[in-house]
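The structure appears below as structure tokens.
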Amino acid sequence: MCALRVPVSHCTMSIAIKCCCQLYRTNDAFALLGFCFRRSIVPDVFIFNALLDGLVHEDRILEAEMFFKKLIKELFKQMCALRVPVSHCTMSIAIKCCCQLYRTNDAFALLGFCFRRSIVPDVFIFNALLDGLVHEDRILEAEMFFKKLIKGKLCEPDVVTYNTMIKGALLMEEKGCKPNVVTYSTIIDSLCKDKMIDDAFKLLKEMVFQKGISPNVITYNSLIDGLCNLGRWDEASKMLQEMVDVGISPDVQTFNILVDAFCKEGKVDEAENAIDIMLERGIVPDMVTYNALIDGYCLRGEMSKAKIIFDSMVFRGLVPDIFTYSSLLNGYCKSLKIDEAMDLFNEITRKGLKQDVVTYNTMIQGLFRVGHCGAARRLFDEMHKKGLKPNECTYRVILEGLCNNHQIEEALSMFHLMGDSKLNFDIFMYNILIDGAGKCGKLDIARLLFEDITKMECDFPPNNVTYCVILQGYLKNQYYDDVEILLHEMDGRRYSLDATTLSLFLDQIAAGLLDKTLLELIGKLVPKELVERKTACFVPCWGWCQLRAPAVNCISFCFWICTCTLLHII
DNA sequence: ATAGGGTTAG
């Protein structure tokens, strides 16, 4: 193969090694492993397993044991010597390998290696470790590790994590150690937080009907919170009713969940209603209740009402905390009352409360909004001096602020600085910059950034927003060459157009800048749920269409309706 | 032992 220049891939080696092992020629397989290293082919868990399996087949158990112990050390030594980079992927494979071989302790040692090498473990690595513990019947340790992951926000658990934990709970029971309402509530709560509410209900059913364990007020609160966060209001109120029916009284936290959910939806009246019910039931609103309500008014820019709630809170003897001030600060900033915001910002320190990264982020954003870029930057420096570490949100706010104030070059240099400091920059940051560049008329920059993330091996592929903002950049700058390709790519990725992008398309088609044959393709990119909405709006919509673009025929009728709905024209 | 407040692109 080498003589014929047939490329020898990882797959080839994997097959060859497996083949040798099964033919009782493990020594030859080890020779091939050496070949892998020389060729910089990184062996994976299947290759290691084949080799170990081969040794075991040949009854070379001691060697297998030794091989395994050496494996990790040797592997890294060889890899380092050959300058094969020890990547995140290598560690992931090695850890998984250990776990599957009932060597979870070794796997945890490797986790330490990760931290020392500043390789950030991800959900796959944590899942492997959890699974390893469960496999070794170390369920309690698994449960502790799981809680540590959640509390320390070390990773976002995924469906595999939960399946492992559920499997663990079942295994626990088999061993005669029964999981109780706390075990189940812990898992249910994490499922709810991750919007996996249907799985949470599946687990609830299992808990109630198969294990005979009754949910408590905490279980209900978690479920109600999960439903509210998904906007599934009917089910949330059903749960609330069910809770009362089975004789569990909603407590202050239950109401706080409801108040907070109403406020976030902008339904402050309903939140006030909930507080009235609360008072009728003799439940005393606490700090969290007031903060939620204040935040609700601030989000709507109703600062005088927010202030009234603030006063009544103080009247009731509650001392406003950093959350209270932060909401008010956000409210003033959002309504562009920058002097009031600044006064409040200074008041925080006077009241003996500590400024944190959130209050700084809010204030910096506010200053950028009114164009006070210098003041915003000074605050950013001040934050540094105080030893407060800027987070991803800080950088987003600054990038967006600079872009909106036409300082795209500064934004770019800040972005590169972030890259050097190994801060996590993600698709959000790219979207902000692409959008900003497009708005500043720097389409070349927008295109370069877009190319950056569409070329192979980028950690984060462009998302729906990326496509929308790059398209907006193209349309605003009347550059149409790639528009159709981009739309096709969006279709292939099942992405959809948002209201802003749609309206830009509409306007330019109506103005004759873009060919109307694009409409069919655009129509495909309108979210389906909108197509099904309100047939009653057909008539006025059609009239509006003809008024704005008489040339449009009915191929894209649905598209037009959706556009109108999106733009709140009907 | 398990649950509830503040900042975040278009």
Side-chain angles (χ1 to χ4, degrees), chain A residues 140 143-144 146-147 150-151 179-190 192-193 215-226 228-229 250-261 263-264 285-296 298-299 313 318 320-331 333-334 348 353 355-366 390-401 403-404 411 426-436 438-439 463-473 497-504:
Chain A
L140 282 175
E143 203 179 323
M144 271 158 54
F146 176 70
K147 279 182 197 159
I150 308 280
K151 279 225 166 124
N180 60 12
V181 63
V182 178
T183 318
Y184 276 104
S185 295
T186 307
I187 307 174
I188 286 173
D189 184 61
S190 323
C192 289
K193 289 221 168 55
N216 61 18
V217 63
I218 295 174
T219 327
Y220 275 108
N221 284 350
S222 293
L223 288 163
I224 290 170
D225 190 38
C228 286
N229 283 332
D251 61 5
V252 61
Q253 295 205 37
T254 320
F255 280 101
N256 285 346
I257 290 165
L258 295 172
V259 169
D260 187 54
C263 287
K264 290 228 164 61
D286 63 8
M287 188 77 129
V288 181
T289 327
Y290 282 107
N291 281 349
L293 195 61
I294 289 173
D295 194 51
C298 287
L299 287 175
M313 172 180 171
L318 293 166
D321 62 5
I322 194 72
F323 291 100
T324 327
Y325 282 106
S326 154
S327 291
L328 288 167
L329 187 65
N330 191 34
C333 287
K334 287 264 150 66
I348 294 175
L353 293 166
Q355 298 282 7
D356 62 14
V357 65
V358 176
T359 52
Y360 268 102
N361 289 351
T362 311
M363 197 63 231
I364 290 171
Q365 189 186 46
N391 60 15
E392 279 157 40
C393 184
T394 320
Y395 285 106
R396 282 178 201 168
V397 162
I398 289 178
L399 289 185
E400 194 203 10
C403 287
N404 285 341
D426 53 15
I427 193 66
F428 267 60
M429 310 267 192
Y430 270 101
N431 290 349
I432 292 168
L433 285 171
I434 293 171
D435 184 50
K439 277 182 183 154
N463 64 14
N464 204 338
V465 178
T466 323
Y467 274 94
C468 288
V469 293
I470 188 85
L471 276 169
Q472 284 171 34
L497 291 166
D498 62 8
T500 315
T501 322
L502 266 174
S503 89
L504 266 173

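Quick caveat, the model's predicted, so the values are computed rather than measured. Lettering of chains follows the sequences in order, A, B, ..., and the numbering in each one begins at 1.
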Inset, instruction - Mind checking salt bridge (charged side-chain N to carboxylate O under 4.0 Å, His left out) for A:Asp295 and listing every partner two or more places apart, or none if nothing turns up? - result: none

Inset, instruction - Please determine, for the side chain of A:Phe323, which listed nucleotide (B:dG6, B:dA9, B:dT2) has the closest atom? - result: B:dG6

Inset, instruction - Would you indicate which nucleotide in B:dT7, B:dG10, B:dA3 comes nearest to any side-chain atom of A:Asp435? - result: B:dG10

Legend entry - Below 4.0 Å: OP1/OP2 of B:dG6 and any side-chain N or O of A:Lys264: yes

Legend entry - Protein-nucleotide distance (A:Lys193, atom NZ; B:dG5, atom C1'), rounded to Å: 13 Å

Inset, instruction - Syn or anti for B:dG6, please, going by whether the chi angle lies within 90° of 0. - result: anti

Inset, instruction - Could you check how far OH of A:Tyr430 sits from C1' of B:dG10, rounded to whole Å? - result: 18 Å

Inset, instruction - Can you figure out which of B:dT8, B:dG10, B:dG5 approaches the side chain of A:Val288 most closely? - result: B:dG5

Inset, instruction - Consider the side chain of A:Ser326, meaning its heavy atoms from C-beta on, and name the nucleotide among B:dG6, B:dA3, B:dT2 that approaches it most closely. - result: B:dG6

Inset, instruction - Round to a whole Å and report the spacing from CD1 of A:Ile427 to P of B:dG10. - result: 14 Å

Inset, instruction - Kindly say whether A:Ile294 contributes a backbone atom to a donor-acceptor pair with the side chain of A:Asn291 at under 3.5 angstrom? - result: no

Inset, instruction - Starting from C1' on B:dA3, measure out to CG on A:Asn229 and report it in whole angstrom. - result: 12 Å

Inset, instruction - Classify the side chain of A:Asn180 versus the base of B:dA1 as yes if they form a donor-acceptor pair under 3.5 Å and no if they do not. - result: yes

Inset, instruction - Report yes if the side chains of A:Leu353 and A:Thr359 come closer than 4.5 Å at any heavy-atom pair, otherwise no. - result: no

Inset, instruction - Using atom CG of A:Leu353 as one end and atom C1' of B:dG5 as the other, report the distance to the nearest whole Å. - result: 14 Å

Legend entry - Candidate list A:Asp356, A:Asn391, A:Asn330, test side-chain hydrogen bond (donor to acceptor under 3.5 Å, both in side chains), partner A:Asn361, passing option: A:Asn391

Inset, instruction - Compare side-chain N and O positions of A:Lys147 against OP1 and OP2 of B:dA3 and report whether any pair is under 4.0 Å apart. - result: no

Legend entry - Rounded distance in Å - CG (A:Asn391) to P (B:dA9): 13 Å

Legend entry - Nearest-angstrom distance from the residue atom CG of A:Leu328 to P of B:dG5: 18 Å

Inset, instruction - State which of B:dT2, B:dT8, B:dG6 makes the closest approach to the side chain of A:Lys334. - result: B:dT8

Inset, instruction - Describe the nucleic acid contact of A:Asn464 in one word from base, sugar-phosphate, nothing, applying a heavy-atom distance below 4.0 Å. - result: nothing

Inset, instruction - Would you check if the side chain of A:Asp286 reaches a backbone N or O of A:Thr289 as a donor-acceptor pair within less than 3.5 Å? - result: yes

Legend entry - Atom pair OG1/CD1 of A:Thr219 and A:Ile187 - distance to nearest 0.5 Å: 12.0 Å

Legend entry - Of the listed nucleotides B:dG6, B:dT7, B:dA3, the one nearest the side chain of A:Ser222: B:dA3

Inset, instruction - When you get a sec, tell me which of B:dA9, B:dA3, B:dG5 is the closest nucleotide to the side chain of A:Asp189? - result: B:dA3

Inset, instruction - May I ask you to say what A:Ile218 touches in the nucleic acid, namely base, sugar-phosphate or nothing, with a heavy-atom cut-off under 4.0 Å? - result: base

Legend entry - Results of salt bridge (charged side-chain N to carboxylate O under 4.0 Å, His left out) for A:Asp225 - residues two or more places apart only: none

Inset, instruction - Quick one: label A:Ile322 by what it contacts on the DNA or RNA (base, sugar-phosphate, nothing), any heavy atom closer than 4.0 Å. - result: base

Legend entry - Distance-only donor-acceptor test, A:Ser185 side-chain atoms vs B:dT2 base atoms, 3.5 Å: yes

Legend entry - A:Phe428-B:dA9 aromatic stacking (under 5.5 Å, under 30°): yes

Inset, instruction - Answer with base, sugar-phosphate or nothing: what part of the nucleic acid does A:Val469 contact at a heavy-atom distance below 4.0 Å? - result: sugar-phosphate

Inset, instruction - Describe the nucleic acid contact of A:Thr359 in one word from base, sugar-phosphate, nothing, applying a heavy-atom distance below 4.0 Å. - result: base

Legend entry - Closest to the A:Glu400 side chain, choosing from B:dA3, B:dT2, B:dA9: B:dA9

Inset, instruction - Figure out the CG/P separation between A:Asp260 and B:dG5, and round it to whole Å. - result: 6 Å

Inset, instruction - Counting heavy atoms from C-beta on, name the nucleotide in B:dA9, B:dA1, B:dA3 closest to the side chain of A:Asp251. - result: B:dA3

